[in-house]
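Note that the structure is predicted; figures quoted are calculated from it, not measured.
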Amino acid sequence: MAPILNGDVDIVIPTIRSLDFLENWRSFFEPYHLIIIQDGDPTKVIKVPQGFDYELYNRDDINRILGPKASCISFKDGACRCFGFLVSKKKFIYTIDDDCFVAKDPSGKDIDALAQHLDNLTKPSTPYFFNTLYDPYREGADFVRGYPFSLREGVPTAVSHGLWLNIPDYDAPTQLVKPRERNTRYVDAVMTIPKGTLYPMCAMNLAFNRELVGPAMYFGIMGDGQPLGRYDDMWAGWCSKVVCDHLGYGVKTGLPYLWHSKASNPFVNLKKEFKGLFWQEEMIPFFQSVVLPKECTNAQQCYLELAKMVKEKLGPIDPYFHKFAAAMVTWIEAWEEFNAPAKAKIDSVKSA
Ligand SMILES: O=c1ccn([C@@H]2O[C@H](COP(=O)(O)OP(=O)(O)O[C@H]3O[C@@H](CO)[C@H](O)[C@H]3O)[C@@H](O)[C@H]2O)c(=O)[nH]1
Ligand SMILES: [Mn+2]
């Protein structure tokens with residue numbers, strides 16, 4: 001793949017707090033364009049540190065730009081970040097939370113997380129056969145004996161999922177029983193998540209190829225007025241993984257690390273997550289059973305088919321999933337409006 005230029009990347013940041021953390025990233029982020037999604041009170045002024053090239057959207061902007069379609073963008077939840085994915089025109093997206101800082105590798109060197117993500121996204125993935133020496137395209141590694149030569153070309157990588165030192169991304173029950181647990185383990189590896197395997201995608205340190213999988217990176221209707229929160233990135237991770245598996249794209253996890261500085265309140269988190277803790281026992285078998293039609297040849301078409309399946313298969317769990325399926329269609333309508341001129345198969349879903 002051609003080398004990535006600064007102009008090929010947007011950094012999307014959801015914030016309901018402050019952007020002071022950007023000072024810590026200045027040497028790595030200053031050459032790139034930022035898309036800041038200001039959640040919460042639109043009258044609050046969020047200061048962007050001097051010298052950054054950015055566009056900032058608050059709730060009033062989202063409502064003005066999307067009109068009635070704004071209903072598919074969450075309010076009072078980090079899920080609002082997907083509005084930035086929608087309005088971006090770039091090939092690559094990196095999204096990061098505002099309480100994440102530059103981590104150091106075991107040698108004490110600052111980790112340029114964005115550079116590692118872009119390296120992950122420009123090298124192939126190996127979803128069809130696991131390489132036990134991890135990333136075979138990395139300097140100093142290769143495919144091990146017995147690895148089929150017919151599979152060594154790999155497939156395009158659509159998602160790069162990074163990790164976090166210090167505060168781990170635990171669910172509320174785990175946070176409550178292990179309040180002082182910190183992740184101090186730096187694992188020097190990047191792995192492809194095998195085809196047919198789901199994973200808990202965390203949006204704290206996440207990059208993806210917007211052209212390959214952007215339409216499937218919808219973070220759902222969470223937060224204010226919704227029965228669920230903190231399953232925004234999980235939902236997008238399950239949807240994008242089944243879409244990548246269907247389209248023959250790869251998903252990687254591992255390096256880079258960043259330093260997650262703040263533990264969110266476990267009691268607030270428990271309230272947000274509560275229904276998800278048991279609904280996920282039905283959502284995950286649903287995603288594991290998804291088979292997308294071969295006629296679906298891009299992420300938009302796959303996503304509209306998924307919306308139909310969500311309505312049919314998850315709708316019986318709770319009326320929320322009917323709303324969710326409708327929001328998935330609205331998201332694609334907005335995506336088409338902002339991106340692909342070609343009309344996706346929206347009519348067929350609408351008539352379903
Ligand atoms: O109402 C809100 C709450 C938060 N944000 C912004 O979203 C990110 C993540 O917030 P926070 O760091 O408080 O949440 P964590 O529990 O550490 O993060 C995990 O939960 C996921 C969000 O569901 C997140 O992707 C995971 O990493 C910050 O930038 C907040 O400012 C918001 O915009 N609105
Ligand atoms: Mn956090």
**Q.** Heavy-atom closest contact (Cys100 atom, Met204 atom, distance)
**A.** SG-CG, 3.2 Å
Q: Give the ring-plane orientation class for Tyr320 versus Phe324, where under 30° counts as parallel, over 60° as perpendicular and anything between as tilted.
A: perpendicular
Q.
Is the shortest side-chain heavy-atom distance between Glu55 and Ile35 below 4.5 Å?
A. yes
(Q) With heavy-atom distances below 4.5 Å as the criterion, would you say the side chains of Val190 and Gln116 are in contact? (A) yes
(Q) Does Lys90 form a salt bridge (charged side-chain N to carboxylate O under 4.0 Å, His left out) with Asp10? I'd like the steps, not just the answer. (A) CA-CA 6 Å; Lys90 303 293 174 59; Asp10 273 338; 2.9 Å; yes
Q.
Side chains of Tyr303 and Trp335, heavy atoms from C-beta outward: is any pair under 4.5 Å?
A. no
Q. Is any side-chain heavy atom of Leu277 less than 4.5 Å from a side-chain heavy atom of Leu270?
A. yes
Q) Side chains of Lys241 and Met201: closer than 4.5 Å at any heavy-atom pair? A) no
Q. Is the shortest heavy-atom distance from the side chain of Trp25 to the side chain of Leu114 under 4.5 Å?
A. no
Q.
For His161 and Tyr199, take the angle between the two ring planes, folded into 0 to 90°, and tell me which bin it lands in: parallel under 30, tilted 30 to 60, perpendicular over 60.
A. perpendicular
Q.
Distance check, rounded to the nearest 0.5 Å: Asp232 atom CG versus Ile221 atom CD1?
A. 12.5 Å
Q: Mark yes when over 12 heavy atoms from residues, nucleotides or ligands other than Tyr54 sit less than 6.0 Å from its OH; otherwise mark no.
A: no
(Q) Any non-hydrogen side-chain atom of Pro14 less than 4.5 Å from a side-chain atom of Asp39? (A) no
Q) Considering the options Asp41, Asp97, Asp98, which one meets the salt bridge (charged side-chain N to carboxylate O under 4.0 Å, His left out) requirement together with Arg17? A) Asp98
Q) Do Arg138 and Lys123 come within less than 4.5 Å of each other through their side chains, counting heavy atoms only? A) no
Q | Trp331 and Tyr218 aromatic ring geometry - parallel, tilted or perpendicular at 30°/60° bounds | A | parallel
Q: Output the distance between atom CZ (Arg81) and atom CG (Asp233), rounded to the nearest 0.5 Å.
A: 6.5 Å
(Q) Test ring-ring contact (aromatic ring centres under 6.0 Å, His included) on Tyr147 and Phe129; report intermediate values, then the result. (A) CA-CA 8 Å; Tyr147 201 100; Phe129 199 88; 4.9 Å; yes
